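Notes to accompany the following structure.
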Amino acid sequence: MKLPILAATLAALVLPSAVAAREPAPPPYAAVMERDPGLPTHTVYRPADLAALGETKLPILAWANGACANEGDAFAKFLTEIAGHGYLAVAIGPIVGPKPPASGPAPRPDMNAPPKTTSSQLIDAIDWAVAENARSGSRYKGRLDVKKIAVMGMSCGGLQAIEASADPRVTTTGVWNSGVLGTGTGGLPGANVTKASLKALHGPAIYVSGDASDIAFGNANDDFARIDHIPVVRAYEDGVGHGGTYSQPRGGSFGEVAVAWLNWQLKGDATGRAMFVGPDCRLCARPGWRVERKGLK
């Protein structure tokens with residue numbers, strides 16, 4: 001009769017530390033989401049207290065949304081998590097606020113409709129950040145690392161990220177729940193890419209998606225198979241679909257992976273590197289995750 005009590009007591013002692021060990025370290029900075037009057041077409045995520053950064057400079061992330069949506073707060077939890085780790089993240093679209101819950105199945109996209117956003121808006125985000133770093137009177141004056149720039153996006157936004165990554169200023173590319181469709185055009189308004197566009201990627205890239213239930217799963221796999229000129233990682237999580245984990249607290253597991261990748265690629269962080277490199281890479285060893293890599297040193 002005492003065994004269940006003993007087991008419960010041991011569980012109470014052991015499980016909290018085990019759960020804590022799986023929790024990523026909290027962001028070092030509190031982060032804010034805001035509209036900047038200098039770039040009203042986008043939404044900015046940044047550490048709240050820029051003075052607390054001291055001499056630390058913020059790398060730049062330009063983000064494109066799923067469905068090429070013009071909603072800068074659509075990935076607020078995910079991007080706030082990234083900003084809290086010491087980044088300036090600039091998402092396409094203004095802050096639109098909460099939306100009523102959807103009823104019924106999502107409508108199929110109208111392939112003939114004009115695009116809500118375009119890949120050029122990622123370049124607009126980069127241009128604005130670089131200019132703000134140099135502008136007298138800017139809160140970002142001298143605080144940004146304009147030599148360390150990531151472009152990322154989800155679904156249709158992932159295609160926009162591929163297109164924008166031809167810009168020589170881009171250091172690394174993140175393609176989330178996405179991949180070029182078929183062998184022709186990207187097939188979505190606002191993202192005119194083909195498989196040939198992959199050759200324009202010139203920095204390390206990461207493809208992250210859900211499992212085979214993710215509509216973009218096969219496209220991501222095909223892109224990964226074709227890329228042979230840059231270091232590239234392909235990772236997906238079992239039990240996760242096309243919607244990813246972006247709406248979970250701190251962006252869920254996708255938020256953790258994004259921070260690790262950015263910390264490695266834009267800050268040279270050894271802990272971030274260990275998430276992806278080596279036979280016992282931390283993401284490779286994590287239950288439920290599947291990882292392939294090419295060209296990593």
Side-chain angles (χ1 to χ4, degrees), residues 42 61-72 74-75 78-79 82 89-93 106 109 111 115-123 125-126 149-167 170-227 230 232-237 240-247 251-255 257-258 261-262 265 292:
H42 292 62
L61 165 64
W63 174 264
N65 306 302
C68 291
N70 194 38
E71 300 173 12
F75 292 80
F78 177 78
L79 294 174
I82 291 172
V90 186
I92 293 175
M111 306 305 262
K116 298 174 185 176
T117 62
T118 65
S119 304
S120 65
Q121 288 174 271
L122 289 169
I123 305 303
I126 295 171
I149 299 174
V151 172
M152 293 184 168
M154 182 265 179
S155 194
C156 179
L159 302 180
Q160 290 182 323
I162 292 171
E163 186 171 11
S165 289
D167 189 298
V170 173
T171 307
T172 186
T173 302
V175 183
W176 299 80
N177 305 95
S178 187
V180 178
L181 303 170
T183 56
T185 66
L188 293 173
N192 185 26
V193 293
T194 69
K195 294 296 184 181
S197 304
L198 300 174
K199 289 295 185 183
L201 298 176
H202 53 266
I206 184 169
Y207 279 73
V208 180
S209 76
D211 59 21
S213 67
D214 186 340
I215 192 173
F217 182 80
N219 299 330
N221 289 343
D222 186 69
D223 280 13
F224 175 79
R226 291 170 184 264
I227 294 172
I230 57 169
V232 59
V233 169
R234 170 73 179 108
Y236 68 90
E237 186 175 12
V240 174
H242 190 60
T245 69
Y246 310 99
S247 62
S253 58
F254 281 24
V257 171
W261 180 263
L262 292 170
Q265 296 300 323
E292 293 184 73

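Please read all numbers here as calculations on a predicted model, not as lab measurements. Quick note: residue numbers are just sequence positions, from 1.
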> Taking all atoms of both residues into account, what is the closest heavy-atom pair of Ser155 and Ala67, and its distance?
Replying inline: CB-N, 4.4 Å
>> Could you report the tightest heavy-atom contact between Ala161 and Gly153, atom names first, then the distance?
In response: CB-N, 3.8 Å
> Quick one: salt bridge (Lys or Arg N to Asp or Glu O under 4.0 Å) partners of Asp214, sequence neighbours excluded?
Replying inline: none
>> Please verify the inter-ring angle class for Tyr236 with Phe217; under 30° counts as parallel, over 60° as perpendicular, anything in between as tilted.
In response: perpendicular
> Aromatic rings Trp63 and Phe78: how do their planes relate, parallel, tilted or perpendicular, breaks at 30° and 60°?
Replying inline: tilted
>> Let me confirm one number: the CG-CG distance from Leu159 to Asn192, rounded to the nearest 0.5 Å.
In response: 10.5 Å
>> Are the side chains of Lys199 and Arg226 in contact, using a 4.5 Å heavy-atom criterion?
In response: no
> Going by heavy atoms in the side chains, are Thr245 and Glu237 under 4.5 Å from each other?
Replying inline: yes
>> Measuring from atom CG of Asp222 to atom OH of Tyr207, what distance do you get when rounded to the nearest 0.5 angstrom?
In response: 9.0 Å
>> Would you say Gln265 and Thr172 are linked by a side-chain donor-acceptor pair, where the criterion is simply a distance under 3.5 Å?
In response: no
> Mind checking what makes salt bridge (Lys or Arg N to Asp or Glu O under 4.0 Å) contact with Lys116, not counting sequence neighbours?
Replying inline: none
> Any idea which heavy atoms bring Ala191 and Ser119 closest together, and the distance?
Replying inline: CA-OG, 4.2 Å
> Does some side-chain heavy atom of Ile227 sit less than 4.5 Å from a side-chain heavy atom of Leu201?
Replying inline: yes
> If you look at every heavy atom in Ala220 and Ser178, which pair is closest and at what distance?
Replying inline: CB-O, 3.3 Å
> Say you draw a straight line from NE2 of His242 to OG of Ser213; how long is it, rounded to the nearest 0.5 Å?
Replying inline: 10.5 Å
> Closest approach of Asp223 and Ile162, non-hydrogen atoms and distance?
Replying inline: OD2-CD1, 3.9 Å
> Does the side chain of Val257 reach to within under 4.5 Å of the side chain of Ile206, using non-hydrogen atoms?
Replying inline: yes
> Which atom names give the shortest non-hydrogen contact between Leu122 and Val151, and what distance separates them?
Replying inline: CD1-CG1, 3.7 Å
>> Set out, in order, the CA-CA distance, both residues' side-chain angles and the distance that settles side chain to side chain contact (heavy atoms under 4.5 Å, CB included) for Leu79 and Leu61, then state yes or no.
In response: CA-CA 9 Å; Leu79 294 174; Leu61 165 64; 4.0 Å; yes
> Can you tell me how far NZ of Lys195 sits from CG of Leu181, rounded to the nearest 0.5 angstrom?
Replying inline: 7.5 Å
>> side chain to side chain contact (heavy atoms under 4.5 Å, CB included), that's the test. Do Met152 and Trp261 meet it? Break it down for me.
In response: CA-CA 11 Å; Met152 293 184 168; Trp261 180 263; 3.8 Å; yes
>> For a 4.5 angstrom cut-off between non-hydrogen side-chain atoms, does Gln121 reach Asn70?
In response: yes
> So do Val180 and Asn219 actually touch side chain to side chain, heavy atoms under 4.5 Å?
Replying inline: no
> Is there a donor-acceptor pair under 3.5 Å between the side chain of Gln160 and the backbone N or O of Gly190?
Replying inline: yes
>> Between Glu163 and Ser120, is there a side-chain heavy-atom distance shorter than 4.5 Å?
In response: no
